[in-house]
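Since the model is a prediction, treat every value here as computed from it, not as a measurement.
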Amino acid sequence: MINNSTHLFCLVRERVKGCISFNYPEQYSSSLVLGGITNRCASPATSETSSPAATAVTLRREISTMVAPSSSSSVVNVYPLSSYTFGTKDPKMEKDTSVADRLARMKTNYMKEGMRTSVEGILLVQEHNHPHILLLQIGNTFCKLPGGRLKPGENEIEGLKRKLSSKLGADSPTYQPNWQIGECVACWWRPNFETLLYPYCPPHITKPKECKKIFIVHLPDRDYFAVPRNLKLLAVPLFELYDNVQRYGSVISTIPQQLSRFHFNMITPVKYDQ
């Protein structure tokens with residue numbers, strides 16, 4: 001158990017300059033070395049009017065089926081960060097320059113296509129026998145999971161593979177990671193065109209604006225990832241994410257709880273004598 005008096009060592013390693021950093025704080029209280037942005041909003045969801053009871057029951061049933069547990073194994077193999085190779089590729093420019101612009105674009109797309117569906121992946125590596133999550137950092141403050149918005153009618157698994165390749169795959173189509181998508185570990189809802197997300201859809205909301213699903217991604221023992229030059233790839237320990245809403249927002253800071261039912265198989269590479 002980590003507390004504020006626990007002393008940890010700090011290791012910062014630049015695998016590829018400007019591409020990936022591994023952050024291990026000296027003290028738990030100094031773990032705010034990584035950028036993040038909160039997804040909280042002070043105002044509650046109020047724009048939707050109450051719906052008939054039958055409609056609310058139907059919506060709740062639909063929500064429950066979307067996050068039903070799958071039959072996949074609860075064991076996750078986690079390999080050392082050093083097992084992977086990281087390079088760079090052309091920048092991936094963001095479509096929005098501010099949160100307000102993003103919400104405005106989301107509203108425009110909602111009028112054309114309806115509810116936004118997005119998918120994100122949890123990619124796990126290990127350092128010091130502790131799981132770390134790979135996060136993309138934009139600028140100096142905003143961190144996010146790799147993923148993005150699905151096209152209308154697009155399959156969730158295939159769409160997540162497409163987004164992961166766009167964010168972390170090589171530019172060459174002949175060398176793309178073989179993404180193994182596991183089960184959905186969380187489902188978040190955006191009731192209104194606001195930054196606030198809920199891990200449930202409020203019963204009075206009949207037309208949520210976004211559904212965000214988070215899947216675990218099973219990485220192979222070795223792979224190559226290409227990071228856009230305008231982004232940084234961080235390996236962040238679970239203990240730093242836990243309950244750190246101020247730094248990482250409500251979605252990312254709850255990943256440790258979502259993964260608590262999994263058994264992590266920490267695999268150490270075999271060393272051969274020279």
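- Cys211 contributes atom SG, which lies 5.0 Å from atom CE of Met115 (distance to the nearest 0.5 angstrom).
- A salt bridge is absent between Lys163 and Glu156; no separation between the charged side-chain nitrogens and carboxylate oxygens falls under 4.0 Å.
- Side-chain atoms of Ser98 come within 3.5 Å of backbone N or O of Asp101 as a donor-acceptor pair.
- The shortest distance between side-chain heavy atoms of Pro131 and Pro237 does not fall below 4.5 Å.
- With sequence neighbours left out, the side chain to side chain contact (heavy atoms under 4.5 Å, CB included) criterion links Asp221 to Tyr79.
- The CZ atom of Phe215 sits 4.5 Å away from atom SG of Cys184, with the distance rounded to the nearest 0.5 Å.
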CA sep, side-chain torsions, deciding dist, call: Met106, Phe193, side-chain contact (heavy atoms from CB on, under 4.5 Å): CA-CA 7 Å; Met106 185 182 299; Phe193 296 112; 4.2 Å; yes
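- The salt bridge (charged side-chain N to carboxylate O under 4.0 Å, His left out) check on Asp96 picks up Arg105, with sequence neighbours excluded.
- Among all heavy-atom pairs drawn from Gly169 and Pro177, the shortest one is CA-CD, 4.0 Å.
- Put simply, the side chain of His218 never gets that close to the backbone of Ile216: no donor and acceptor are under 3.5 Å apart.
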Side-chain donor-acceptor contacts of residues 145-155 below 3.5 Å, not counting sequence neighbours, with atom names and distances?
unit_1	atom_1	unit_2	atom_2	d
Arg149	NH1	Glu113	OE1	3.0
Glu154	OE1	Lys151	N	2.9
Glu154	OE1	Arg162	NH2	2.8
Glu154	OE2	Arg162	NE	2.8
Asn155	OD1	Ile157	N	2.9
Asn155	OD1	Glu158	N	3.0

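- Legend: residues meeting salt bridge (charged side-chain N to carboxylate O under 4.0 Å, His left out) with Arg102, ordered by chain and number and at least two apart, are absent.
- Summarising the geometry of Arg190 relative to Leu196, their closest heavy-atom pair is CG-O, 3.9 Å, with the distance given to 0.1 Å.
- The distance between the ring centers of Phe86 and Tyr224 does not fall below 6.0 angstrom.
- The side-chain hydrogen bond (donor to acceptor under 3.5 Å, both in side chains) check on Asn77 picks up Asn265, with sequence neighbours excluded.
- Counting only heavy atoms from C-beta outward, the side chains of Ile133 and Leu259 approach each other to under 4.5 Å.
- The shortest distance between side-chain heavy atoms of Val76 and Val78 falls below 4.5 Å.
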Side chain to side chain donor-acceptor pair (under 3.5 Å) assessment of Tyr248 paired with Glu240: CA-CA 10 Å; Tyr248 295 102; Glu240 183 177 342; 2.7 Å; yes
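- Counting heavy atoms from C-beta on, the side chains of Tyr200 and Trp188 never come closer than 4.5 Å.
- Under the rule for a side chain to side chain contact (heavy atoms under 4.5 Å, CB included), the partners of Asn178 that lie at least two apart in sequence or sit in another chain are Gln180.
- Residues satisfying the side chain to side chain contact (heavy atoms under 4.5 Å, CB included) criterion with Met93, sequence neighbours excluded, are Pro91, Asn230.
- In plain terms, the two heavy atoms of Pro191 and Trp189 that are nearest each other are CD-O, 3.5 Å.
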Steps toward side-chain contact (heavy atoms from CB on, under 4.5 Å) verdict (Ile214, Ile122): CA-CA 7 Å; Ile214 300 178; Ile122 298 175; 3.6 Å; yes
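- When every heavy atom of Leu81 is checked against every heavy atom of Glu127, the shortest pair comes out as CB-OE2, 3.2 Å.
- Taking the six-membered ring for Trp and thresholds of 30 and 60 degrees, His130 and His132 have ring planes more than 60 degrees apart, a perpendicular arrangement.
- Here the shortest heavy-atom pairing between Arg229 and Thr88 reads NE-OG1, 3.8 Å.
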Full working for side-chain contact (heavy atoms from CB on, under 4.5 Å) between Lys209 and Arg116: CA-CA 6 Å; Lys209 305 307 181 287; Arg116 170 190 173 105; over 6 Å; no
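- In this structure, the side chain to side chain contact (heavy atoms under 4.5 Å, CB included) partners of Pro80, at least two apart in sequence or on a different chain, are Ser82, Ser83, Gln126, Pro269.
- In plain terms, the two heavy atoms of Tyr110 and Pro208 that are nearest each other are CE1-O, 3.9 Å.
- Two residues are said to be in side-chain contact when any heavy atoms from C-beta on lie closer than 4.5 Å; Asp223 and Thr85 fail this criterion.
- Shown here are the side-chain hydrogen bond (donor to acceptor under 3.5 Å, both in side chains) partners of Ser260, two or more places apart in sequence or in another chain: there are none.
- The line from CG of Leu241 to CD of Gln257 is 10.0 Å long, rounded to the nearest 0.5 Å.
- The side-chain hydrogen bond (donor to acceptor under 3.5 Å, both in side chains) test applied to Lys161 returns no partner, not counting sequence neighbours.
- Looking at residues two or more places apart in sequence or on another chain, you find no side-chain hydrogen bond (donor to acceptor under 3.5 Å, both in side chains) involving Asn129.
- Separating the CG atom in Leu233 from the CG atom in Leu135 is a distance of 8.0 Å, to the nearest 0.5 Å.
- For Lys89, the salt bridge (charged side-chain N to carboxylate O under 4.0 Å, His left out) criterion is met by no residue, not counting sequence neighbours.
- Contact check for Leu168 versus Leu123: side-chain heavy atoms found under the 4.5 Å cut-off.
- At least one side-chain heavy atom of Lys144 sits under 4.5 Å from a side-chain heavy atom of Lys167.
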Verdict with supporting geometry, Leu124 and Phe264, side-chain contact (heavy atoms from CB on, under 4.5 Å): CA-CA 10 Å; Leu124 287 158; Phe264 297 124; 3.7 Å; yes
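- Leu238 places a side-chain heavy atom less than 4.5 Å from the side chain of Pro256.
- Taking the six-membered ring for Trp and thresholds of 30 and 60 degrees, Tyr84 and Phe225 have ring planes inclined between 30 and 60 degrees apart.
- With rounding to the nearest 0.5 Å, the separation of CG in Leu136 from SG in Cys143 is 8.5 Å.
- Glu210 and Ser118 form a side-chain donor-acceptor contact under 3.5 Å, judged by distance and modelled atom types alone.
- The distance from atom CG of Asn192 to atom NZ of Lys107, rounded to the nearest 0.5 Å, is 10.5 Å.
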